[in-house]
There are 2 protein chains.
Amino acid sequence: MGQTLTEKLLAEHLVEGELDTGEEIGIEIDQVLLQDTTGTMAWLQFEALGLDEVETEIAAQYCDHQSYQFDFRNTDDHAYLKSATGKFGAYFSRPGNGVCHQVHHERFARPGQTLLGSDSHTPTQGGIGMLSIGAGGLDVASAMGGSPYYLETPEVVNVRLTGDLPEWATGKDVVLELLRRLTVKGGVGKVFEYTGPGVETLPVSERCAIANMGTELGATSSVFPTDDVTREYMEKLGRPEDFTAVGPDPNATYDDRIEIDLSTVEPLVATPSMPDLVVPVSELAGEPVDQVIVGSCTNGAYEDLRAFCDTLGDEVVHEDVHAIVQPASKQASELLARDGTVAKTMAAGVNWSEATCGACCGVGHVPGSDSTSVRTFNRNFEGRSGISDDNVYLVSPQVAAAAAVEGAFVDPRDYGTDRGIDDPGYPEPDRFDGSNRDLIAPPEGDVELQKGPNIGTVPVNDELTDDVAGDVLLRVGDDVTTDHIMPASSDILMYRSNVAKIAEFTLTRIDESFPERALAADGGFVVAGENYGQGSSREHAALCPMYLGVDAVIAKSFARIHEANLVNFGLLPLTFADPDDYEALEAGNRLRLTGLRESIARDEDETELTVVDETTGEEIPVILDVTERERKYLLDGGRLAHVRASQ
Amino acid sequence: MGQTLTEKLLAEHLVEGELDTGEEIGIEIDQVLLQDTTGTMAWLQFEALGLDEVETEIAAQYCDHQSYQFDFRNTDDHAYLKSATGKFGAYFSRPGNGVCHQVHHERFARPGQTLLGSDSHTPTQGGIGMLSIGAGGLDVASAMGGSPYYLETPEVVNVRLTGDLPEWATGKDVVLELLRRLTVKGGVGKVFEYTGPGVETLPVSERCAIANMGTELGATSSVFPTDDVTREYMEKLGRPEDFTAVGPDPNATYDDRIEIDLSTVEPLVATPSMPDLVVPVSELAGEPVDQVIVGSCTNGAYEDLRAFCDTLGDEVVHEDVHAIVQPASKQASELLARDGTVAKTMAAGVNWSEATCGACCGVGHVPGSDSTSVRTFNRNFEGRSGISDDNVYLVSPQVAAAAAVEGAFVDPRDYGTDRGIDDPGYPEPDRFDGSNRDLIAPPEGDVELQKGPNIGTVPVNDELTDDVAGDVLLRVGDDVTTDHIMPASSDILMYRSNVAKIAEFTLTRIDESFPERALAADGGFVVAGENYGQGSSREHAALCPMYLGVDAVIAKSFARIHEANLVNFGLLPLTFADPDDYEALEAGNRLRLTGLRESIARDEDETELTVVDETTGEEIPVILDVTERERKYLLDGGRLAHVRASQ
């Protein structure tokens, strides 16, 4: 029986366990990336773990979320990150050099290797055949120190592509189509592996956009084979030697299969406020638009900006639209500045920002009240833009450009016809030969760590007690995102290195009183619906509830990275044996779990526990589905506590 | 006896009063400019005054301080400003189009005309012979409605320039030299009028930089004559018809005279944390630098950015420096993008921001803790950068570039010699022919005002009572700036349209408890040293103390715009008859003023009042030096209350 590409990549990096779906394995990590809002905690944990040198082939720290540096805490974070990379041996990418995934893609990503990143969109590099996975900062710090990365062997779903995209349809539309079909829960526990004759019709930028938004499907990763398209692309990157041919065996068998005929894909839009609320753009034609932003790790590459600019053509931005380009890499800006595109589009009314994640994580260009924002990003979770009740639509660069000119949604096919503008395709430059001045290799000699007053320490949980009792502090619905648990707008992000402070914002998007109540209660439960913790990899979404004293989250199901983060910080991720019991556990009910240490110490696939609801007298069966390794973490109070206890 | 240029410009616009130094006059205003953090309140006041159409030749609203829109309140402010300009008949400059003074300079400024701006650096246009004055928003709103602007006839000080600037010295260094000699109080009540053979050696950009920082001298305005240099410059702007020859009579007599031999000027630096703490850059050579920012209304023009880039030459930014260009106009970026300069300097490690005031008002790129920031701006007041205990140095673009490359302060003459780089001079383009896409003329037809939830109303003070009693709520020292009274960092600026909220930050840079105490006391006094309220034109520095219930400020002296703002909002600006009495009025002392209405109603040059200190029993003589017009405002509770009472 032939192997899938995913199996091959896993097998080549396997250091612990066996490749059986659902079983935990440990894999070797070749490369690591970190961004600034997760990186500070990761490096603090690297220190706290007693590590002193980066062991992976490549580790790179990017300053991308906070590149505008609205607060001195952001700037201090960057200074700490520069000092930590210098001391421990990682690359440092200066603020303004671009978004981690795009810059890593341009400079380091290699087919056939593994990449672990402290950002949920790390799978972007699946577009060039790299097995790339997002994880919490503690897992990334451990991997940097040479530890394997542990994950459950994923199901591998074959997405077979046939046909060829019609004019004005893009990779973004392909993944929006998948989201429409599968929803944001459709990829949990899975790797999406793309095959079929449609693959070779897609340039690398489109493959990466698709792999990037696999994260919105909840997938562990997404991966494309490499081919001549990849080879030529890596030559343009100036790294032909990094190309490797990778792909599945012809007779590989998959856990599931999805077919997409590319010729049937049309320009799509994810409507507010979930990436799977997808409709054809034609359904929205004529709806006025106030703001258009192009950028992000999904659609901020040279090819995306070029497509946006070419779709503008000789038209100009509508008087009522504020149009901003936030490039995903400075190289992209540099190339487009060099060939006159920046000057031309500035004249057309476009603003060019420093390269940044920016508005995608609510930092800068927050939409106004009752306004419509059209963005080429990957997430439109409610409030993520920085204003509650926002109306954020996710589109391709082509759809964004047409809306910027029209002042309203317009089907780009109609736009092209009406204005005599051709589909720009996916225009690559002859060479990606921008300067690499802002990516700094670690210097020779000793570097002193630089910690501003906001750089805190890593809190460590106590050992698990045998009995845990507390109230249901909060009950939330389905699909609660990490943006709900730990918002990411600029007024909050600046406290990412200071857990005591940032914990004050935990779950406040749902209930403003939560942090105060949780801290006062000193213990308790969060009850949740399906897919709890979807979205970002931010471990603060576990670290802060821990800091506030939360003992466990009882959910219908969890998002992968968030569940791992909960375990890493010693919180029990419990699932309902019967999802209908969700209704029974009302906020304020007093719950108790007993005999925990003995139960959790048992080496078994799943541990059944009983939650006694002391308010109603009901007994609710719940399941703890963790590995032997994770049981040790939980008993000791989390991964960091475990490492310390083992020393 | 011949007339000075200032007298001519005043005389040509005189509609009330006589041109006697110190006497109040009313002048007609030809053009008005507003920026976003003062503009919302100005337009709300325009509404509250019952005005319905802009009466000046030109009124232009710029969105420059908050162009990053890091909060929805900023974006809502911009939406309101767009709707107000559309409704009432002003130009709207979109966020990202640039800084009010620079864009106004490029598009509208005309020699021989008057300009009133709701920004303290409005005198920038003095560089091309325009009489341009900064004022509070209420005065600007009134002028837009056709009212005269009232001011005391200023002293006119002749700054006679001889010689020619040596290599690597600039207009910035000329005005820093003036600040070194005269201090930040040296220009109060004065207009600086530049003459002499040195004028024609200075290009327009340098004249404007000098006029711009006349504000830091405390001057009412600064003005240059026009000449062939101005004429050619206005041809390059594409507005040759706007040129007028203006200048003083040959036998004009001045109130005072200062001589500067340009050939003796060398590269200078204003050190932390006041623009008059000036030393030669050579004294700082070797001191490490962490951040370099080029931009602002002082040195953000094309010529400045060009000089910065040319000084970089083929060098690159030092690894330890974060170098950012924040252009003062999008046209400047566009021209530099067009000719390849943006691409080249990006490759050298420079970040190009959207055009904005940005870091100059503490919005973005806040320095890190214990770091050194070198900026081409005009103010380095403590904390203005967004972090207290900051170390901000003010320099020319040339000095900034040399520091960016060197990673430390370096005399640009040494830098040039060592690296074989020539003084770039003041390089103008052949034509300023960028697009004007982002400056939007008011549309035909009715426009509806758009007010987000943060857009408040204008509070109006009560009629003055005959007796005023209250505690000294706070006593502050000399040179307290409007940045102390009403800080301007991004976390506060977003409340500029919401007085009740932003009042919570009043004077908190000096005493965190002030707002709460003042509000609870419901009346009271602020006691201050010299030059109280220097800096910005922001009327919030008067409006918010009024909202908190402050009745009067007793100071050794006031900055001009702030004193006018106090009167506009019905607060008594009192000066000590004997400055030594400052020591007697300690915080907490109970003060009383009696018989106020009768005293203030008397038409006299100065009114002597007696403050009874009920705590010590002392009687302190103070002076109210206001005009007949201002007496009416004070009696009614401020200008807005007066207009309403008169209707």
Side-chain angles (χ1 to χ4, degrees), chain A residues 67-72 74-76 78-79 82 94-97 290-291 316-317 319-320 322 324 330 333-340 342-344 346-349 351-355 363-371 385-387 390 434-435 437-438 440 443 450 452-454 490-491, chain B residues 67-72 74-76 78-79 82 94-97 290-291 316-317 319-320 322 324 330 333-340 342-344 346-349 351-355 363-371 385-387 390 434-435 437-438 440 443 450 452-454 490-491:
Chain A
S67 28
Y68 291 132
Q69 304 175 319
F70 280 122
D71 190 275
F72 79 89
N74 307 141
T75 318
D76 279 1
H78 294 160
K82 182 162 191 291
R94 284 200 278 218
N97 193 39
D290 300 289
Q291 183 188 59
V316 299
V317 173
E319 273 194 4
D320 294 335
H322 188 201
I324 304 125
K330 193 171 177 180
S333 314
E334 186 188 334
L335 297 182
L336 291 162
R338 204 194 281 168
D339 76 4
V342 169
K344 181 184 174 190
M346 276 186 174
N351 287 346
W352 284 78
S353 162
E354 300 178 60
V363 178
H365 298 306
V366 175
S369 302
D370 294 323
S371 71
S385 69
I387 177 172
D390 48 10
S435 144
R437 185 69 53 199
D438 294 276
I440 296 171
Q450 213 175 320
N454 184 55
S490 55
D491 51 338
Chain B
S67 29
Y68 291 131
Q69 303 176 318
F70 95 108
D71 191 273
F72 80 90
N74 308 141
T75 318
D76 279 1
H78 294 160
K82 182 162 190 289
R94 285 200 277 218
N97 192 39
D290 301 288
Q291 183 188 59
V316 299
V317 174
E319 273 194 5
D320 294 336
H322 188 201
I324 304 124
K330 193 170 178 181
S333 313
E334 186 188 334
L335 297 182
L336 291 162
R338 202 194 284 169
D339 76 5
V342 169
K344 181 184 176 192
M346 276 186 175
N351 288 346
W352 284 78
S353 162
E354 298 178 62
V363 179
H365 299 305
V366 174
S369 302
D370 294 323
S371 71
S385 70
I387 177 171
D390 49 9
S435 144
R437 185 70 51 199
D438 294 276
I440 296 171
Q450 212 176 321
N454 184 56
S490 53
D491 50 337

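Chain identifiers are assigned alphabetically (A, B, ...) following the order of the sequence lines, protein sequences preceding nucleic acid strands; residue numbering begins at 1 within each chain.
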message: Counting only non-hydrogen atoms closer than 4.5 Å, does B:Ser385 touch chain A with its backbone (N, CA, C, O), its side chain (CB onward), both, or neither?
response: neither

task: Let me see the working for B:Arg437 and A:Val317 under side chain to side chain contact (heavy atoms under 4.5 Å, CB included), right down to the final yes or no.
output: CA-CA 8 Å; B:Arg437 185 70 51 199; A:Val317 173; 5.7 Å; no

- line: Under 4.5 Å to a heavy atom of chain A? For B:Asn454 that would be neither

Chain B interface, residue from A:Ala347, A:Ser435, A:Gly368 that has the most non-hydrogen pairs under 4.5 Å: A:Ala347

message: Using heavy-atom distances under 4.5 Å, tell me whether B:Asp438 contacts chain A through its side chain, its backbone, both, or neither.
response: side chain

task: Give, as side chain, backbone, both or neither, the part of B:Pro443 having an atom under 4.5 angstrom from any heavy atom of chain A.
output: neither

query: Can you name the closest pair of heavy atoms from B:Phe72 and B:Pro453 and give their distance?
result: CE1-CG, 4.1 Å

Separation between CE of B:Met346 and CG of A:Leu336, rounded to the nearest 0.5 Å: 9.0 Å

field: Geometric class of the B:Tyr68/A:Phe70 ring pair [parallel <30°, tilted 30-60°, perpendicular >60°]
entry: perpendicular

field: Residue pair B:Ser371 / B:Asp290, side-chain donor-acceptor N/O under 3.5 Å
entry: no

B:Gln291 side chain to B:His365 side chain, donor-acceptor N/O pair below 3.5 angstrom: no

Heavy-atom proximity to chain A below 4.5 Å, by part of B:Ala355: neither

query: What are the two closest non-hydrogen atoms of B:Gln69 and B:Pro95, and how far apart are they?
result: NE2-CG, 3.7 Å

message: Shorter than 4.5 Å, heavy atoms on both sides: which option in B:Asp339, B:Asp320, B:Asn97, B:Asn74 has the most such pairs with chain A?
response: B:Asp320

- prompt: Given a strict heavy-atom distance threshold of 4.5 Å, which part of B:Arg338 is in contact with chain A: side chain, backbone, both, or neither?
  reply: both

query: Which atoms of B:Ile324 come close to chain A, meaning under 4.5 Å heavy atom to heavy atom: side chain ones, backbone ones, both, or neither?
result: side chain

field: Closest-packed option against chain B by number of heavy-atom pairs under 4.5 Å, given A:Gly96, A:Ala337, A:Gly349
entry: A:Gly349

query: Looking at B:Gly452, B:Ser353, B:Ala79, which has the largest count of heavy-atom pairs under 4.5 Å with chain A?
result: B:Ser353

query: For B:Lys344, is it the side chain, the backbone, both, or neither that has a heavy atom closer than 4.5 Å to a heavy atom of chain A?
result: neither

- prompt: Mind checking what makes side chain to side chain donor-acceptor pair (under 3.5 Å) contact with A:Asn351, not counting sequence neighbours?
  reply: A:His322, B:Lys330, B:Glu354

message: Below 4.5 Å, heavy-atom pairs only: which of B:Val342, B:Val363, B:Thr75 has the largest tally toward chain A?
response: B:Thr75

message: Once rounded to the nearest 0.5 Å, what's the spacing between atom CD1 of A:Ile387 and atom CG of A:Asp370?
response: 7.5 Å

